[in-house]
Amino acid sequence: MKSFDYVRPASIPEAVSAASAPGAAYLAAGTNLLDLMKGGVSRPDRLVDVTHLPGLDRIEPLADGGVRIGALVRNADLAHDASFAKAYPAVAEALLSGASAQLRNAATVGGNLLQRTRCAYFYDVASACNRRVPGSGCDARQGENRLHAVLGWSDACIATHPSDFCVPLVALDAVVEIEGKGGRRNVKLEDLYRLPADAPEWETVLEPGDLIVALKLPGDASDFAAHARYLKVRERTSYAFAIVSAAACLRLERGSIAEARIALGGVAAKPWRAHEAEKVLAGGAPNGETFRRAAEAALAGAKPSGDNQFKIELARRIVVRALSLAASGTPERIPALPASPFSSVPGALHDA
Amino acid sequence: MTPEIRLTESPAHLRHGANIGQPLTRRDGILKVTGKAPYAADRHPRGMLYAVLAVSSIARGRVTFLDVAAAKSHPGVVDVMTPTHKPPLAEDPDAKTNPFMFRMELLQSDAVRYANQPIAVVIAQTLEAATEGAALLTPTYETLSARVGLDADESFVPPAVGPGHPPIVEHGDVEAGLAAAAKAIDASYETPAQYHNAMEPHAIVASWDGDKLSIDTPSQGLAWAQGRIAGLFGIPVENIHIRSPFLGGGFGSKGLISGPQILGIMAARLVGRPVKLVLRREHMYGPVGHRAPTRQRLRLGTDGNGLLTALEHHAKTVTSSFDDFYESAADASHTLYASRAIRTSHEAVRVDTGTPLFMRAPGEATGSIALESAIDEMAWACGIDPLQFRIRNDAEVEPISGKPFSSKALRECYTKGAERFGWWERPLSPRQVRDENGFLVGWGMGTATFPALMFQANARAVLRADGSGVMETGAHDMGQGAWTALAQIAADGLGLDIDRVEFKAGTSDLPDAGIAGGSAHTATAGVAIHNAGAAVIAKLADLATRDQRSPLFGAGNAGVIARNGRLHRRDDETRCESYADILRRAGLAEIEATGGGAADPVAQADYAMHAHGAVFAEVKVDPDLGQIRVTRMVGAFAAGRIINPKLVRSQLFGGMIWGMSFALHEEAVMDRRSGRIMNPNLAEYHVPVNADVPSLDVLTVDEHDPHVNPLGIKGVGEIGITGSAGAVANAVWHATGVRVRRFPIRISDLLMAG
């Protein structure tokens with residue numbers, strides 16, 4: 001492994017200062033970064049360990065009825081926080097469908113937002129990858145690309161964002177609180193990520209030294225609690241990234257859809273908010289016909305980036321199913337196989 | 001000398017009667033779950049350095065430059081072994097004097113013949129320094145275009161397939177059989193490249209002392225490894241001491257010592273200090289063997305009664321550009337179904353890959369999924385239940401040879417398995433059943449079979465004056481439970497309770513136990529142990545029956561039996577004497593004898609010897625999303641005598657899970673341009689996780705087989721994969737009505753077909 005400096009700042013300003021130098025990277029649980037370093041994909045000169053920063057591990061209510069989650073809260077702790085899971089069930093379900101129990105115990109909220117793509121060509125340092133080495137090309141474009149993006153991709157990059165957690169967060173208008181050289185600012189999570197266009201190496205709007213200190217869900221995000229689901233389709237039942245996933249959150253009034261939120265995972269370089277689909281749903285009846293029109297709208301701009309035409313149809317069907325599940329109501333408890341199409345199978349009470 | 005491995009922490013066992021046949025808990029279990037079982041990579045001799053491989057990122061060409069200076073200037077790096085800086089070898093690593101000697105890359109040249117081939121070894125004070133040193137070599141290459149996939153090049157008929165079988169075998173006239181058939185099918189199936197992915201990567205800790213070599217490394221064949229190392233380094237076999245008490249899985253990839261392990265020994269030679277070399281997970285995708293991809297075409301015909309008139313099985317596979325190993329997939333059609341005409345044939349292409357090798361049920365697994373799918377398709381074409389169809393075509397004698405079976409309880413496996421599963425409720429047509437949640441439900445089955453093999457092994461038995469015994473054989477515990485099952489055979493062979501027997505295994509200074517492969521280790525090493533036990537008991541009986549002071553005097557050697565540490569007169573069991581008393585009176589501290597185990601050539605010539613089974617699977621499929629879940633599997637197996645039912649059940653479970661993995665999960669994805677494997681890690685190369693493993697049920701059918709070997713053992717290591725893979729594939733068809741012929745079956749296959 002490349003030699004690097006390791007610093008452990010005592011305060012947020014110290015951290016920002018230490019991480020502003022070229023070649024510096026923040027280290028939280030390291031569930032993604034350390035793998036990338038072992039593979040030579042990331043080669044930072046300095047690791048700024050933020051795990052000892054004070055005050056970033058709290059889940060706090062906000063005045064507007066929302067919630068503020070410190071960047072160092074562990075995925076498992078957040079998912080198992082009873083009041084959080086009750087208010088934001090789709091987020092808890094998404095968290096529990098990701099990775100493995102061991103990884104969820106280690107991984108942090110802030111780190112999850114910034115995890116890198118799982119594109120094999122990004123990981124394979126012998127391959128051309130514009131995201132890893134700007135201007136080197138994209139070997140995925142003509143390569144093994146069954147699982148690559150169908151929305152928002154460019155010829156420069158067809159990678160997808162792998163997070164489950166971020167999909168319902170984007171649907172619920174989550175905001176990230178960032179401390180940088182210029183002080184503290186808020187950015188909508190949906191706007192944190194950049195689509196690849198001509199510069200896939202710029203994955204987010206973060207500037208050098210910027211530290212995500214918290215994640216906030218606004219007051220109205222819990223209005224969907226009674227009808228909120230996350231659905232994740234994959235080839236194996238657990239410990240696999242989504243081929244396609246969807247978060248569907250509905251606010252029903254007098255039998256019709258007052259407001260809807262839809263976001264897709266595994267389809268683009270960012271968690272993909274389907275605003276057009278939400279417009280189709282608003283005011284409609286919660287039935288299959290409405291859901292199918294919403295699915296059409298959600299995937300209207302989709303096109304295959306390779307051998308992945310099937311993902312477009314799969315995504316449509318997942319949108320329909322996720323909306324149907326949401327409409328039928330959030331289950332009392334998070335299913336034993338969170339987000340799985342099989343979560344309703346009796347007797348399937350394995351710990352996923 | 002105190003043995004290093006003491007199995008004394010095993011839980012107490014309650015037993016009634018003989019040791020063989022008892023479901024003993026594995027005796028090394030507590031050592032393993034408490035981290036006290038030493039694996040090779042746990043060793044750390046004084047002064048040890050770390051070696052890390054640098055591997056090629058191209059699949060074909062040559063290395064034109066390595067930045068050795070940059071690597072050497074990294075702090076902690078001690079040396080860099082390259083084609084121009086390495087210890088001499090006594091033998092060309094490309095020499096091949098027998099078919100089981102495979103060519104290795106030991107830095108003999110700058111040529112690159114597959115991606116992930118070792119091209120240098122960096123040796124350093126720490127693992128981190130060696131890893132960075134390897135990264136700093138930044139090789140440049142002269143690259144030739146890679147030959148990738150089954151259509152990469154002109155195909156040819158291999159000289160032999162699998163372990164030396166003929167590539168083309170015919171019995172009857174297949175074309176005539178097809179022409180006369182009332183119904184026929186013609187279907188092609190594809191299986192991908194798969195990699196062993198043992199949990200424990202190949203690892204070696206090597207120390208030289210002059211021309212003496214001590215090694216810790218996992219091995220399924222200690223004596224073969226010794227022989228290969230002796231040849232390469234020009235030292236006598238007895239100078240090489242290997243410890244391999246535990247393997248974290250082998251599955252065939254540790255059957256022969258591999259190139260990277262030899263590189264570890266060379267590195268230790270080069271620097272004159274002990275060296276540890278552990279493969280990174282991604283380095284296991286190249287130099288340590290794999291299961292080759294296949295494309296198999298099956299043509300079957302049946303008469304009006306659903307009896308097979310023809311069975312043609314043709315398999316195309318790949319081998320490396322520089323060596324020969326051919327997956328004998330079509331041979332799966334030799335033994336199961338009684339077709340009037342059978343033809344099996346193979347062709348191959350050379351591609352730029354590491355040489356494929358034995359991987360759990362090599363040939364049998366790949367062939368089985370295609371054959372069992374085709375049989376299912378044929379049954380459907382005939383309108384006959386697939387189990388009924390198999391029973392109707394069940395072979396009374398081995399179809400390809402006409403030999404009688406040494407034993408074959410397959411019919412009972414079919415009936416008992418079907419009963420346990422509830423098979424006869426199954427509707428004939430696909431896509432008929434939904435569960436209460438609307439998921440499609442499908443039931444499928446497959447026939448399992450694997451040859452009952454025997455290799456060669458030796459064992460040494462000792463009886464000591466304190467009444468205890470010792471049994472020694474260089475056997476290998478890959479996780480299958482040899483420490484327990486072989487000790488059970490040893491205890492019965494010595495007529496002692498298992499806790500009175502010190503069982504020694506896993507090192508190369510013990511008698512050669514042969515290779516732990518071909519599902520034959522318990523049979524082969526077991527027979528050696530059994531014979532060694534009988535021989536030492538005969539010596540003891542000789543002492544007693546010639547001694548006038550013994551109550552056994554005059555009984556004659558054959559007139560006594562050994563039980564619970566005593567010899568009894570066969571004609572009067574009250575007349576007996578303990579081993580301890582016999583030896584003490586004779587003034588002997590101990591007596592010893594040896595025994596061997598090997599195939600009986602007469603029985604081999606007269607009988608076809610195979611284990612059999614029937615596997616039943618239930619899957620559920622989401623009708624809209626195509627996601628598949630196996631919910632239930634039942635396997636019924638007849639595999640001769642069962643030494644330890646608990647261990648056997650686990651072995652069969654493991655095989656069945658692997659079969660499911662074959663049908664639904666495993667695939668090495670190779671970039672068709674570069675020839676690099678794009679998913680060389682356990683996050684992306686999928687094997688089932690716990691949530692994928694269904695309710696499993698195994699039942700064994702008793703079989704008394706006097707012909708396979710004196711203990712009647714057939715072996716259970718590999719049979720579980722066969723049958724199971726096809727059963728799952730057939731269940732997916734039955735659930736959905738979509739016949740997927742390329743494995744693994746994926747969501748996209750079902751989605752785009754539906």
Side-chain angles (χ1 to χ4, degrees), chain A residues 1-3 35 37-40 43 99-100 103 118-121 123-128 139-140 142-147 231-241 243-244 307-311 313-314 316-318 320-321 324 336-337 340-348 350-352, chain B residues 56-58 74-76 115 126-132 134-136 280 282 435-439 620-622 624-631 661 664-665 669-674 676-684 686-693 695 744-749 751-752:
Chain A
M1 195 181 262
K2 182 186 166 186
S3 298
D35 275 354
M37 289 172 67
K38 287 178 193 169
R43 293 177 64 81
S100 65
L103 286 166
R118 307 302 298 199
C119 173
Y121 296 90
Y123 271 76
D124 175 33
V125 293
S127 290
D139 274 345
Q142 305 297 327
E144 305 304 319
N145 48 24
R146 235 185 113 242
L147 301 176
L231 179 67
K232 177 180 183 181
V233 168
R234 42 184 166 172
E235 309 276 6
R236 98 178 145 186
T237 309
S238 181
Y239 193 54
F241 292 95
I243 299 174
V244 180
D307 184 23
N308 57 357
Q309 175 81 42
F310 82 97
K311 285 185 68 167
E313 177 58 18
L314 181 61
R316 284 193 198 101
R317 296 186 191 186
I318 287 171
V320 172
R321 177 71 64 81
S324 308
L337 292 173
S340 168
F342 292 103
S343 62
S344 56
V345 176
H350 302 290
D351 181 10
Chain B
S56 164
S57 62
I58 65 163
H74 186 73
T126 63
L127 176 62
E128 291 76 13
T131 304
E132 182 61 10
L136 291 171
R280 294 167 65 106
E282 64 266 32
D435 75 359
E436 62 280 15
N437 295 298
F439 295 114
K620 293 191 174 180
V621 180
D622 188 301
D624 304 316
L625 307 178
Q627 195 166 321
I628 303 166
R629 195 152 196 244
V630 182
T631 43
S661 186
L664 301 181
H665 295 294
V669 177
M670 192 177 273
D671 184 275
R672 61 202 94 160
R673 302 155 300 178
S674 69
R676 276 198 303 282
I677 292 165
M678 300 310 295
N679 59 342
N681 58 72
L682 289 174
E684 309 298 337
H686 282 190
V687 297
V689 296
N690 278 332
D692 294 302
V693 175
S695 154
I745 299 171
R746 294 158 163 165
I747 284 171
S748 47
D749 297 320
L751 206 68
M752 298 319 263

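Each chain gets a letter, A, B and so on, in the order its sequence line appears, and its residues count up from 1. Here the structure is a predicted model, which is why all the values come from computation and not from measurement.
Considering OH of A:Y121 and CE of B:M678, their distance stands at 4.5 Å, rounded to 0.5 Å. Taking CZ from A:R118 and CG from B:N681, the interatomic distance works out to 7.5 Å, rounded to the nearest 0.5 Å. Of the inter-residue distances, the one linking B:I747 atom CD1 with A:R234 atom CZ reads 10.0 Å to the nearest 0.5 angstrom. Once rounded to the nearest 0.5 Å, the distance linking CZ of A:F342 with CG of B:D435 reads 9.0 Å. Separating the CD1 atom in A:I243 from the OG atom in B:S748 is a distance of 7.0 Å, to the nearest 0.5 Å.
Among residues two or more places apart in sequence or in another chain, the side-chain contact (heavy atoms from CB on, under 4.5 Å) test is passed with B:S674 by B:D671, B:R676.
Per-residue counts of heavy-atom pairs under 4.5 Å with chain A were compared for B:D622, B:T131, B:I58; the largest is that of B:D622. Top candidate by heavy-atom pairs under 4.5 Å with chain A, chosen from B:S57, B:P680, B:A683, B:P75, is B:A683.
You'll find the side chain of A:V320 stays beyond 4.5 Å of the side chain of B:D624, heavy atoms only. A:K38 places a side-chain heavy atom less than 4.5 Å from the side chain of B:R280. At least one side-chain heavy atom of A:R317 sits less than 4.5 Å from a side-chain heavy atom of B:L751. In this structure, B:L664 and A:R236 have side chains that are not in contact, with every pair of non-hydrogen atoms separated by 4.5 Å or more.
Contacts between B:R673 and chain A at a heavy-atom distance below 4.5 Å involve the side chain alone, from C-beta outward. B:N679 does not touch chain A: none of its heavy atoms, backbone or side chain, sits under 4.5 Å away.
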